[in-house]
Amino acid sequence: MTSKKVRHILDTIAGMFPDAHCELNHSNPFELTIAVLLSAQCTDETVNKVTVDLFRKYKTPDDYLAVPLEELEQDIRRIGLFRNKAKNIQSLCRLLLDKHGGQVPEKHEELVELPGVGRKTANVVVSNAFGVPAIAVDTHVERVSKRLGLAGPDDTVLQVEHKLMKQVPRDEWTITHHRLIFFGRYHCKAQNPQCSACPLVDRCPEGKRRMKMPIKRKSNK
DNA sequence: AACTCGGGGCA
DNA sequence: TGCCCAGAGTT
């Protein structure tokens with residue numbers, strides 16, 4: 001794909017979502033790390049409902065370790081995977097205290113060593129909390145990148161990340177990440193993508209395919 | 001590469 | 001009801 005076409009895609013999406021940003025409730029790197037960890041397999045909106053109260057009760061790693069696991073599970077019960085997540089939070093806090101003086105490390109390679117923190121979470125933390133350009137490839141970014149042809153249909157998550165970094169100027173990585181998220185979440189949705197109202201449909205391989213042959217919705221006859 | 005965890009939102 | 005969600009760890 002030509003750099004001109006990539007630029008057109010980026011600019012169009014920027015116009016659609018001029019105020020794209022990180023929607024996770026947080027006010028410091030530690031809270032952001034907790035919020036991203038909690039967000040796995042559920043929406044940010046759901047996470048924020050929990051963290052508003054959670055962050056009032058728990059300010060530091062010590063606070064999370066001061067309560068029994070069952071109490072923390074109860075406090076995050078409203079989101080999915082809460083048993084694993086509660087355990088992850090406490091072991092994360094223990095490690096932060098043991099190895100990092102209770103602070104969230106700024107280096108990507110240190111972040112991914114933390115329990116419950118993978119490559120995607122580390123990218124979100126460095127970009128949103130520490131100002132390091134990064135593109136975190138989640139399900140939205142992966143889906144829209146493949147639909148738009150910014151990545152190949154069979155690329156792994158890591159390959160998608162590399163292709164995006166190659167095609168997008170470094171100082172636009174973080175904002176592009178957020179715009180692709182918004183685009184995927186509110187427009188180029190997994191189930192019912194708004195192709196007929198999409199300014200990119202003419203240049204989108206997947207969009208053209210879908211417009212010609214709309215996906216049949218499952219109907220119970 | 002496939003599987004598991006898991007309650008909430010939405011059609 | 002059934003299916004998916006801004007993942008990561010294990011096998």
Side-chain angles (χ1 to χ4, degrees), chain A residues 13 16-17 19-26 31-54 69-70 72-95 108-129 134-147 150-161 164 173-194 214-221:
Chain A
I13 295 176
M16 295 170 75
F17 302 99
D19 57 348
H21 61 284
C22 177
E23 295 193 298
L24 283 171
N25 167 42
H26 72 281
E31 288 186 353
L32 177 62
T33 306
I34 299 290
V36 182
L37 194 154
L38 292 175
S39 76
Q41 295 304 104
C42 66
T43 63
D44 287 0
E45 199 178 337
T46 304
V47 175
N48 288 342
K49 284 180 192 166
V50 170
T51 54
V52 167
D53 293 328
L54 195 73
L69 179 59
E70 294 71 26
L72 184 54
E73 286 180 353
Q74 198 59 37
D75 289 337
I76 64 172
R77 173 165 289 281
R78 295 172 61 193
I79 60 178
L81 309 175
F82 59 91
R83 275 182 273 266
N84 285 339
K85 289 173 179 175
K87 265 185 272 184
N88 282 145
I89 287 176
Q90 289 198 329
S91 43
L92 170 90
C93 290
R94 205 166 294 127
L95 210 151
H108 190 279
E109 59 265 31
E110 292 179 320
L111 283 165
V112 293
E113 292 302 318
L114 301 174
V117 177
R119 183 177 183 82
K120 183 257 175 182
T121 299
N123 281 357
V124 172
V125 171
V126 297
S127 61
N128 289 296
I135 299 179
V137 179
D138 48 49
T139 57
H140 288 314
V141 174
E142 179 181 3
R143 180 182 67 255
V144 304
S145 297
K146 290 180 176 181
R147 281 182 179 166
L150 295 169
D154 298 323
D155 285 347
T156 65
V157 172
L158 197 59
Q159 288 174 313
V160 173
E161 183 180 327
L164 288 175
W173 285 353
T174 300
I175 184 60
T176 297
H177 161 72
H178 288 129
R179 286 169 180 160
L180 289 177
I181 296 287
F182 271 64
F183 181 64
R185 184 149 150 71
Y186 300 110
H187 188 90
C188 193
K189 296 182 283 189
Q191 285 83 0
N192 292 101
Q194 318 277 320
I215 300 299
K216 275 186 201 156
R217 296 294 300 162
K218 198 192 299 182
S219 62
N220 33 1
K221 292 161 202 166

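Residue numbering restarts at 1 for every chain, and letters A, B, ... go by the order of the sequence lines. Quick caveat, the model's predicted, so the values are computed rather than measured.
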Return the nearest nucleotide to the side chain of [X]; candidates are [options].
{"X": "A/F182", "options": "B/dC5, C/dG7, C/dA6", "value": "C/dA6"}
{"X": "A/Q41", "options": "C/dC4, C/dA6, C/dG7", "value": "C/dG7"}
{"X": "A/Q191", "options": "C/dC5, C/dC4, B/dG7", "value": "C/dC4"}
{"X": "A/T46", "options": "B/dG6, B/dG8, C/dA6", "value": "B/dG8"}

For nucleotides [N] and [M], find the distance between their [atom1] atoms and express it as a whole number of Å.
{"N": "B/dC3", "M": "C/dC4", "atom1": "P", "value": "15 Å"}
{"N": "C/dT10", "M": "B/dG6", "atom1": "P", "value": "15 Å"}
{"N": "C/dA6", "M": "B/dA2", "atom1": "P", "value": "22 Å"}

With a cut-off of less than 4.0 Å, is there a side-chain N or O of [X] near OP1 or OP2 of [N]?
{"X": "A/T121", "N": "C/dA8", "value": "yes"}
{"X": "A/T139", "N": "C/dG7", "value": "yes"}
{"X": "A/R83", "N": "B/dC5", "value": "no"}
{"X": "A/R77", "N": "B/dG7", "value": "no"}

key: 5' priority, DNA chain C, between A/T43 and A/V112 [closest heavy atom]   =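 Closest to the 5' end, via its nearest nucleotide, is A/T43.
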task = With DNA chain C as reference, determine whether A/P115 or A/E23 sits nearer its 5' end, using the nearest nucleotide of each.
result =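 Of the two residues, A/E23 wins.
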In whole angstroms, how far is the [atom2] atom of [N] from the [atom1] atom of [X]?
{"X": "A/L37", "N": "C/dG7", "atom1": "CG", "atom2": "C1'", "result": "9 Å"}
{"X": "A/N48", "N": "B/dG8", "atom1": "CG", "atom2": "C1'", "result": "14 Å"}
{"X": "A/R185", "N": "B/dG9", "atom1": "CZ", "atom2": "C1'", "result": "10 Å"}
{"X": "A/H140", "N": "C/dA6", "atom1": "NE2", "atom2": "P", "result": "3 Å"}
{"X": "A/L81", "N": "C/dA8", "atom1": "CG", "atom2": "P", "result": "12 Å"}
{"X": "A/N192", "N": "B/dA11", "atom1": "CG", "atom2": "P", "result": "8 Å"}
{"X": "A/N128", "N": "C/dA6", "atom1": "CG", "atom2": "C1'", "result": "11 Å"}
{"X": "A/N88", "N": "B/dT4", "atom1": "CG", "atom2": "P", "result": "18 Å"}

inquiry  = Reading DNA chain B from 5' onward, which residue's closest nucleotide shows up sooner: A/R78 or A/T156?
reply    =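 Between the two, 5'-proximity favours A/T156.
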request  = Between A/C42 and A/E45, just flag the one whose closest nucleotide in DNA chain B comes earlier from the 5' side.
outcome  =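 Its nearest nucleotide lies further toward 5', so the answer is A/C42.
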Is a donor on one side and an acceptor on the other found under 3.5 Å between the side chain of [X] and the backbone of [Y]?
{"X": "A/H178", "Y": "A/A20", "answer": "no"}
{"X": "A/T156", "Y": "A/Q159", "answer": "yes"}
{"X": "A/D155", "Y": "A/G152", "answer": "yes"}

request  = Answer yes or no: is there a side-chain heavy-atom contact under 4.5 Å between A/I181 and A/H177?
outcome  =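 A side-chain contact under 4.5 Å exists here.
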Using a heavy-atom cut-off of under 4.0 Å over every strand shown, decide if [X] touches base, sugar-phosphate, or nothing.
{"X": "A/A190", "answer": "sugar-phosphate"}
{"X": "A/V36", "answer": "nothing"}
{"X": "A/K49", "answer": "sugar-phosphate"}
{"X": "A/H21", "answer": "base"}

message = Strictly below 4.0 Å, N to O, side chains only: are A/R77 and A/E73 in salt-bridge contact?
response =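 So A/R77 does not pair with A/E73 through a salt bridge.
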message = Out of the candidates A/L37, A/I89, A/L95, only one should pair with A/P115 under the side chain to side chain contact (heavy atoms under 4.5 Å, CB included) rule; please name it.
response =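 By the side chain to side chain contact (heavy atoms under 4.5 Å, CB included) criterion, A/P115 pairs with just one of A/L37, A/I89, A/L95: A/L95.
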query = Centroid-to-centroid, A/F182 to A/H21, below 6.0 Å?
reply =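 Ring centres of A/H21 and A/F182 closer than 6.0 Å.
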